[in-house]
Every structure is written in structure tokens, then in C-alpha cells.
Amino acid sequence: GINFNDGLGGGNAIVGNLLFNFCRESTDHGAFNSWDRQTFVVRQPNDNGSPSAYPQFNTIHQNFILANYQQSGAIDNDD
């Protein structure tokens, strides 16, 4: 499974994957789970190295994601 936590930096691309069969014990979420509870000040590559509390966008496209085993959903953006 894939988990994005705390919005650190961003700029991730999840592309061209087959995701299934995750979190079978608790069925709390599907193959992708994310939450943003804590912000971080990071230097983004496109901002001339200036510190920023805003992460870059993450993208999820062209994937086949299944929410099997009675999960709440294939993509869970928590919090």
C-alpha cells in the first residue's frame, strides 16, 4: 500500500500501478491512505530554495486500485 503522511515536501507521482489486497485485518482504508496532521517548512526546488510551509502537489493517475476485503474505499484521504 501507499501512505502519504504529514504533507512533507510533496511532488510525488503515483502512476501506472495495480494496487489491491491491503489493510485486510482492520479494513480501515484501501490501498492508498493519506493524512496531513503536521506541517513542515521545506525548501522546494522550484522556489529558488526559499523555505515554504506549502508542499508541492502529489498526483495519482492511471492506476488500477481495488478496495477489496470490505474496505472503506480504494483511496482514503484521512483528516
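Every heavy atom of this structure was used, including side-chain atoms; hydrogens, water molecules and symmetry mates were not.
- Of all heavy-atom pairs spanning Pro55 and Gly10, the tightest one is CB-N, 4.1 Å.
- Asn12 contributes no side-chain N or O that, together with a main-chain N or O of Asn58, makes up a donor-acceptor pair within less than 3.5 Å.
- Going from atom CD1 of Ile60 over to atom CD1 of Ile65 covers 6.5 Å, rounded to the nearest 0.5 Å.
- Minimum interatomic distance between Pro51 and Arg43 (heavy atoms only, all atoms of both residues): CG-NE, 4.0 Å.
- Every residue two or more places apart in sequence or in another chain that forms a side-chain contact (heavy atoms from CB on, under 4.5 Å) with Asn17 is listed here: Ile14, Leu19, Asn63.
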